[in-house]
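Written out below as structure tokens is the structure these notes cover.
We count ligands from 1, going down the list as the structure has it; atoms in each ligand are counted the same way. Treat the numbers as computed from the prediction; the structure is a model and nothing was measured.
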Amino acid sequence: MACRLGGLAVEENRIFLSRPDSPPKLRAISPSGRVPALHVDGPGGTMVLWDSLAIAEWLWERDPTCAIWPKDPVKRAYARCVAAEVHSHFDDVRNGLPMNLIKRWPIRDGLPSNVKLMARPGVRAGTDRMEAMWRDARARYGGPYIVGDEFCFADAAFAPMCSRYITYGVELAPDSMAFIASAMQSPLMREWRARAEREADEVGRDIVMASP
Ligand SMILES: N[C@@H](CCC(=O)N[C@@H](CS)C(=O)NCC(=O)O)C(=O)O
């Protein structure tokens with residue numbers, strides 16, 4: 001999503017996670033063993049950028065007119081704070097509600113995910129903080145995205161978080177659901193979801209049905 005916002009055409013290399021051969025494949029392309037990793041070929045050789053926020057900043061330095069950050073400096077500072085917080089917090093939400101763009105999981109072990117998964121440690125607290133962030137952004141800039149109608153990297157950072165509440169059928173406050181709906185309907189998220197659907201058709205849907 002960042003490369004799309006940055007206007008950079010990239011060749012993509014697909015690596016499935018959580019398979020026996022995933023760790024060596026990840027380490028071969030990323031020093032942290034995590035993705036995303038952007039490889040940029042230049043006169044001095046290949047530069048590897050192995051962190052999403054660093055990739056976003058590099059893209060923006062490369063072209064400060066691109067859509068990574070808002071043009072207005074106040075909105076830009078706000079968007080950077082939002083993206084940085086999403087980047088460095090919310091591990092409990094990440095772990096408690098694993099991301100899956102394909103599967104719908106409203107029930108877990110006979111209990112609604114709202115009851116079962118939202119009770120996992122830190123998930124409710126993290127969700128409360130995200131809802132407060134969405135509410136503050138909407139009060140300041142009117143929505144539908146973080147700084148109004150410009151979709152920027154702060155929205156790209158939130159998009160995987162938003163998708164989790166859809167995957168698990170978790171109903172949040174109406175204004176949060178409106179933010180989540182806007183994120184899920186944004187052109188870049190629609191593209192990502194469509195590609196995930198095609199990938200699931202191609203590799204088999206059981207690949208993406210691992211139990212959370
Ligand atoms: N700080 C990193 C976090 C990257 C991260 O946690 N990536 C996950 C996938 S979203 C990963 O590569 N996990 C490796 C694995 O599951 O084996 C970033 O945002 O770039």
Side-chain angles (χ1 to χ4, degrees), residues 1-6 8 10-40 46-62 66-69 79-103 105 117 120-123 126-127 129-130 133 146 151-168 180 183-184 186 188-189 191-200 203-212:
M1 288 175 102
C3 289
R4 300 268 192 290
L5 288 173
L8 180 71
V10 286
E11 185 186 321
E12 291 172 44
N13 178 3
R14 184 172 68 182
I15 298 178
F16 289 100
L17 304 183
S18 309
R19 286 185 176 176
D21 62 350
S22 306
K25 282 188 172 170
L26 289 165
R27 277 196 304 273
I29 54 113
S30 167
S32 64
R34 292 182 172 223
V35 284
L38 178 66
H39 292 210
V40 185
T46 301
M47 173 175 73
V48 181
L49 300 172
W50 68 89
D51 182 88
S52 55
L53 192 51
I55 291 170
E57 292 293 5
W58 178 82
L59 287 161
W60 191 75
E61 279 185 25
R62 181 181 164 268
C66 77
I68 288 279
W69 299 123
R80 278 189 160 123
C81 284
V82 169
E85 184 170 345
V86 177
H87 192 61
S88 57
H89 288 67
F90 306 118
D91 278 354
D92 289 335
V93 177
R94 283 190 183 84
N95 298 330
L97 308 175
M99 184 183 173
N100 191 316
L101 283 179
I102 307 299
K103 188 75 178 146
W105 229 305
L117 301 187
R120 287 179 170 174
V123 175
T127 302
R129 173 62 191 144
M130 278 191 272
M133 289 167 84
I146 289 295
F151 186 99
C152 71
F153 184 72
D155 298 287
F158 259 137
M161 289 297 182
C162 292
S163 79
R164 290 166 152 89
Y165 299 99
I166 301 295
T167 302
Y168 298 104
I180 290 171
M184 296 300 282
S186 61
L188 289 182
M189 194 56 170
E191 183 195 335
W192 192 4
R193 289 162 63 200
R195 293 178 55 170
E197 286 286 348
R198 285 201 296 276
E199 206 162 80
V203 298
R205 285 184 177 262
D206 55 340
I207 295 297
V208 293
M209 285 170 64
S211 177

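- Here the protein heavy atom with the shortest distance to atom 6 (O) of ligand 1 is Arg34 NH1, 2.8 Å.
- Ranking the protein heavy atoms by distance from atom 12 (O) of ligand 1 puts Val35 N, 2.8 Å first.
- By the neighbour-count criterion of 12 heavy atoms within 6.0 Å, atom CH2 of Trp58 is densely surrounded, having more than that number from other residues, nucleotides or ligands.
- The protein heavy atom nearest to atom 20 (O) of ligand 1 is Ser52 N, 2.7 Å.
- The closest approach between any non-hydrogen atom of Pro36 and ligand 1 is below 4.0 Å.
- Contact atoms of ligand 1 toward His87: 1 (N), 18 (C), 19 (O) (distance under 4.0 Å to a heavy atom of the residue).
- Shortest non-hydrogen contact noted between Val123 and Asp92 is CG2-O, 3.6 Å.
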Is there a side chain to side chain contact (heavy atoms under 4.5 Å, CB included) between Leu5 and Leu188 once you walk through the steps? CA-CA 9 Å; Leu5 288 173; Leu188 289 182; 3.7 Å; yes
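- The shortest N/O to N/O separation between Asp51 and ligand 1 falls below 3.5 Å.
- Closest to atom 16 (O) of ligand 1, if we only count protein heavy atoms, is Leu17 CD1, 3.9 Å.
- Residues passing the ring-ring contact (aromatic ring centres under 6.0 Å, His included) test with Tyr165: none are found, sequence neighbours excluded.
- With ligand atoms numbered from 1 in the order given, ligand 1 contributes 14 (C), 17 (O) to contacts under 4.0 Å with heavy atoms of Leu26.
- His39 meets the side chain to side chain contact (heavy atoms under 4.5 Å, CB included) test with Ile29, Ala37, Thr46, Val48; sequence neighbours excluded.
- The shortest heavy-atom contact between Thr167 and Asn100 is OG1-O, 2.7 Å.
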